[in-house]
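Structure, as structure tokens:
Labels below follow one simple rule: chain letters A, B, ... track the order of the sequence lines, proteins then strands, and each chain is numbered from 1.
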Number of protein chains: 2
Amino acid sequence: MAPQTKPQAEPRIPLSRDRVLRAGLAFADDNGIGSLSMRKLGEALGVEAMSLYNHVANKDDLLDGMVDLVFSEIELPSVDSDWRTAMRDRAISARQALVRHPWAVTLMQSRTSPGPVTLRHHNAVIGSLRGAGFSIDLAAHSFSALDSYIYGFALQEASLPFDTPEETAEMAETFLSQFPVAEFPHLAELTVEHVLQPGYDYGDEFEFGLELILDGLKRIRAAT
Amino acid sequence: MAPQTKPQAEPRIPLSRDRVLRAGLAFADDNGIGSLSMRKLGEALGVEAMSLYNHVANKDDLLDGMVDLVFSEIELPSVDSDWRTAMRDRAISARQALVRHPWAVTLMQSRTSPGPVTLRHHNAVIGSLRGAGFSIDLAAHSFSALDSYIYGFALQEASLPFDTPEETAEMAETFLSQFPVAEFPHLAELTVEHVLQPGYDYGDEFEFGLELILDGLKRIRAAT
DNA sequence: AACATATACTTACGCCGTAAACCTGTCAAG
DNA sequence: CTTGACAGGTTTACGGCGTAAGTATATGTT
């Protein structure tokens, strides 16, 4: 008889920094970043919390690595496309990544030490603009305007308390019933006439603002 | 002899929800939101942590109240000005409030229950646009685009690890010395030719993107 | 004077991040 | 085959966290 016949079938895949980071990302996706603790992450990996410290320096390092993983999901601006297509595509790709991992938006704030993937991404965006003839100043302005919009939109989207159209409708209903409509008439109007219309999806607002900014940049670029 | 001759001179101003919220705001401004705990806030008020629960339901309620306080610092869009001036002024006022209280940007995300001040603010913004002839849809688009930009910019600004020009220069120097310049040439160029130029202040970028969006909205409004 | 109410304090519980010490399986050198 | 170093896991422990529950006290009302 074999010395060990536990129900534990796995021969214990060894931990690694990458495995820890990916498990952290999956845990945050499933349970929210707020309930991610070293103990629970250890449990999810079949390991004690302290074992994680052999692969990440501390929890902050874990979070830094997770943010860098999210950045790696964002397409770099294409070298083949014109600047506008490249900027548009990478903005949409960035938003999609942040929809998949909503917790990442807020996390990017406190992390002041960008990882290598993040740096490469920023470098490529600026390079794309410079290559299209943007001056250094205009490239900096454009980069700031686009990223502010992308992250801000993702921030708002992540803070919405609903995901599906049904949830949206339900939230809007209870919302309308909770506050005095007379006191906030415009909010009520917008809720009824816009949010509660069939097919409403806040995510669709993204491209409106994006095109607005791209149009403005195009005009300024042409004027110089 | 009096029964008590403690050095405690104050006759114990009673707590109140407002006093607790304002103390929380001041504490977060001074020490960062991360180190705000019920115990430390109690200490700052000369009181035990549990006493706070007579005035706020729990820590989340405290944070909600603090966010609403920050919103109360933002100017409502003026009724007298044209829409563009009104939107511009309130955007600048919002950014200023978020510069004063950088922790508030991230806090707004997780809080899904907006306070009365927040609701009034949103209502006034939409009302201003509607009053200027914006359709419901265009008002919704504009509101989304502007707020995404404002919060996104504040988010980026808050995550910068420097405040003064000297700190900026210092950070940029160590930054350049830490990563291989050859690998991120565009980032390096932008750092040297833009960030390290005298008089650089990231906050100045705000108005560039803001005018870009306002210009775009003006054009769309005129075209309909 | 007696009581009700509001507000502060004390104690206790379970969870957190992580320092420090400890155990154990693997593998190279003798 | 023995030995010993080392990498990577575990155990224990500490101080801090949010907050439930129970208790004390001061104030206002009758």
### Query
Do A/Phe184 and B/His122 have their ring centres less than 6.0 Å from each other?
no

### Task
From the options C/dT18, D/dC17, D/dG9, select the nucleotide whose nearest atom is closest to the side chain of B/Lys40.
D/dC17

### Message
Nearest to the B/Asn58 side chain among C/dC9, D/dT19, D/dT10, which nucleotide is it?
### Response
D/dT19

### Task
Whole angstrom is fine here: how far is it from CD in A/Glu48 over to P in D/dA7?
22 Å

### Task
In whole angstrom, give the distance that lies between atom CG of A/Leu63 and atom P of C/dG17.
10 Å

### Message
Please check: side-chain N/O of A/Asp29 versus main-chain N/O of A/His101, any donor-acceptor pairing under 3.5 Å?
### Response
no

### Task
Could you state the atom-to-atom distance from CG of B/Leu41 to P of C/dA8 in whole Å?
13 Å

### Message
Donor-acceptor check, side chain of B/Ser128 to backbone of B/Ala124, threshold 3.5 angstrom: yes or no?
### Response
no

### Query
Are B/Thr168 and B/Tyr202 linked by a side-chain donor-acceptor pair shorter than 3.5 Å?
no

### Query
Base, sugar-phosphate alone, or nothing: which one does A/Ser37 contact when heavy atoms must sit under 4.0 Å apart?
sugar-phosphate

### Message
With a 4.0 Å cutoff (strictly under), does any side-chain N or O of B/Lys59 reach OP1 or OP2 of D/dC17?
### Response
no

### Message
Protein within reach of the bases, or only the backbone? For nucleotides 20-29 of chain D, mark each nucleotide 5' to 3' as B, S or -, using heavy atoms under 4.0 Å.
### Response
BB--------

### Message
Expressed as a whole number of angstroms, how long is the span from A/Glu43:CD to C/dC15:C1'?
### Response
13 Å

### Query
For A/His55 and D/dA7, is the shortest distance between a side-chain N/O and OP1 or OP2 below 4.0 Å?
no

### Message
For A/Phe206 and A/Tyr149, I'd like to know if the aromatic rings sit close, meaning centre-to-centre distance below 6.0 Å.
### Response
yes

### Task
Find the distance B/Met38:CE to C/dC9:P and express it as a whole number of Å.
13 Å

### Query
Between A/Ser148 and A/Ser144, is there a donor-acceptor pair closer than 3.5 Å when you use the side chain of the first and the backbone of the second?
yes

### Pairs flagged by salt bridge (Lys or Arg N to Asp or Glu O under 4.0 Å) wherever residues 142-157 of chain B is involved - sequence neighbours left out
B/Arg90-B/Asp147, B/Arg95-B/Glu157

### Message
I'd like to know if A/Asn54 reaches the base of D/dG9 with its side chain, counting only an N/O donor and acceptor under 3.5 Å.
### Response
yes

### Task
Calculate the interatomic distance between B/Leu52 atom CG and D/dC17 atom C1'; express it in whole Å.
14 Å

### Task
Can you tell me the distance, in whole Å, between the CZ atom of A/Arg19 and the P atom of D/dG9?
9 Å

### Message
Under 3.5 Å, is there any donor-acceptor pair linking the side chain of B/Arg39 to the base of D/dG16?
### Response
no

